[in-house]
Amino acid sequence: MPDYEFTLRFQLQDENDNPENYLDLLFEAGCDDALVGVGSLGSISLNFTREASTASKAVTSAIQNVLSAIPSAILIELAPDLVNTTDIADIISDRFQKLTRQAVRKYATGQIARTKTRFPPAAISGSQPLWHLGEVLDWMVINEKISKPSVISKVNRLVETTQTIKIFNTAIQQNTDVPDDLLAAAKEIIISQTTHR
Amino acid sequence: MKRKKHPNPDIEAAVQYAEANDWRYVPTGKSGHSWGKLRCPFNDKICRCGGFCQNSIWSTPSNPSNHAKAIRRWVDACIFKDKKG
C-alpha cells in the first residue's frame with residue numbers, strides 16, 4: 001500500500017497542558033506511524049507517514065486516531081497546504097528533485113518562456129504570498145518542470161494528500177459563526193465563477 | 001551522561017544525524033512507548049509554531065525506516081538550520 005505524509009496540529013483544552021501526557025494514549029490509539037511534536041504546552045503536532053489505499057483514508061483515519069486518544073483536542077490545521085516560494089523549493093528538493101527558490105520565483109512571476117499553462121494565482125497575496133502546494137505541483141507536472149517518471153507517482157500522491165488537506169482546512173475555517181445570508185451570497189458568487197475557470 | 005542507543009539501527013542513525021546538527025536527547029518521563037525526545041538547539045516559536053522544536057521518538061514505531069526518515073526531515077526542515085551560528 002502507498003504511504004502518505006502529512007501533519008496534523010491540535011490545540012489541547014488547557015493552555016498549560018503538557019502534550020507528553022498523551023504519548024502513550026496516542027501510541028495505543030494507532031499513532032505509532034507518527035513523529036509527535038511536543039515542543040509547546042497546550043498543543044500537539046503529529047507528522048504522519050501513513051499507509052492507506054487513498055489519501056483521504058490516510059488523513060481521516062489519522063484524525064480519528066488522535067481524537068480517540070484525546071477526545072477534547074481541537075483540530076486546528078493540516079499541512080502541507082499553503083506554502084511560500086521557499087517552502088515550495090524545500091519540499092520539491094527534499095522529495096523529488098533539486099529546485100532553487102530563485103527558480104520558483106521565476107515561475108511564479110512568469111519570467112520563463114513557453115509554458116503550457118499559467119502559474120496558479122497566489123491564494124494569499126501580501127508581503128509573503130502563499131500558494132496551494134497541490135496547484136503548484138500540478139503546474140510543475142503539466143509544464144514538465146518535474147518529469148522524471150520515477151517521481152511522478154510520488155508527486156501525484158502528494159497532490160492527492162494536499163487536496164484532502166485543503167478540504168479539511170476549509171472546513172475548519174468555515175466552522176465559525178457566519179451569518180447564513182452572507183455565506184449563501186458568498187457561495188453563489190464563487191460557484192458562478194467556477195464555470196469560467 | 002551517555003544516552004541509551006535506539007534499538008533500531010535506522011532510527012539510531014537518524015538520531016545521530018540530529019545530534020550532529022546539535023539536537024539534544026532528553027529522556028521522556030511519562031511515557032512507556034516513547035524512547036525519548038530530541039530537542040532542537042534553536043527552540044524558536046517562529047519555526048512551525050514551536051510544535052516540532054521537541055519531538056518524541058517511539059521505541060517501536062510501526063515502520064522504523066519511515067520514522068527514521070521523518071526524524072531527518074524535521075531536522076532539515078528547521079528554518080534556522082545552517083542559518084544561525
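Since the model is a prediction, treat every value here as computed from it, not as a measurement. Protein chains get the first letters and strands the later ones, always in sequence-line order, with residue 1 at the start of each.
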(request) Decide side-chain contact (heavy atoms from CB on, under 4.5 Å) for A:Q102 and A:K106; before the verdict, give the C-alpha distance in whole Å, the side-chain angles of both, and the deciding distance to 0.1 Å. (result) CA-CA 6 Å; A:Q102 286 76 7; A:K106 273 191 182 166; over 6 Å; no
(request) Give the C-alpha distance, both sets of side-chain angles, the deciding distance and a yes or no for side-chain contact (heavy atoms from CB on, under 4.5 Å) between A:F10 and A:E77. (result) CA-CA 7 Å; A:F10 290 85; A:E77 187 203 5; over 6 Å; no
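Contacts of A:D3 with chain B are made by side-chain atoms alone, with heavy-atom separations under 4.5 Å and no backbone atom involved. Of the two parts of A:L46, only the backbone, made up of N, CA, C and O, holds a non-hydrogen atom closer than 4.5 Å to a non-hydrogen atom of chain B.
With 3.5 Å as the limit, one finds a donor-acceptor pair spanning the side chains of A:T117 and A:N143. Judged by distance alone, the side chains of A:K57 and A:S61 never bring a donor and an acceptor atom under 3.5 Å apart. For the 3.5 Å distance criterion, the side chains of A:T7 and A:N47 qualify, holding a donor opposite an acceptor.
Ranked by heavy-atom pairs under 4.5 Å with chain B, the list A:D90, A:D87, A:N21 is led by A:N21. Annotation: maximal heavy-atom pairing with chain A below 4.5 Å, among B:N63, B:N66, B:I71, occurs at B:N66. In terms of heavy-atom pairs under 4.5 Å with chain B, the best-connected choice from A:D33, A:T49, A:L35 is A:L35.
A distance of 9.5 Å separates CG in A:L137 from CZ in A:R95, rounded to the nearest 0.5 Å. Annotation: the span from A:I74 atom CD1 to A:S72 atom OG amounts to 7.5 Å, rounded to 0.5 Å. For the atom pair NZ of A:K187 and OG of A:S192, the computed distance is 14.0 Å after rounding to the nearest 0.5 Å.
Among the candidates A:L133, A:L99, A:V136, A:T86, the single residue satisfying the side chain to side chain contact (heavy atoms under 4.5 Å, CB included) test with A:I91 is A:L133.
A salt bridge does not link A:K154 to A:E5: none of the charged side-chain nitrogens sits closer than 4.0 Å to a carboxylate oxygen.
A:V38 and B:S56 make their closest contact through CG2-N, 4.3 Å (heavy atoms, listed as atom of the first residue, atom of the second, distance).
For a heavy-atom cut-off of 4.5 Å, chain A lies close to B:S31, B:G32, B:H33, B:S34, B:K37 in residues 31-38 of chain B. Contact annotation for residues 10-20 of chain B against chain A (heavy-atom separation below 4.5 Å): no residues qualify.
One N or O on the side chain of A:N65 and one on the backbone of A:A29 form a donor-acceptor pair closer than 3.5 Å.
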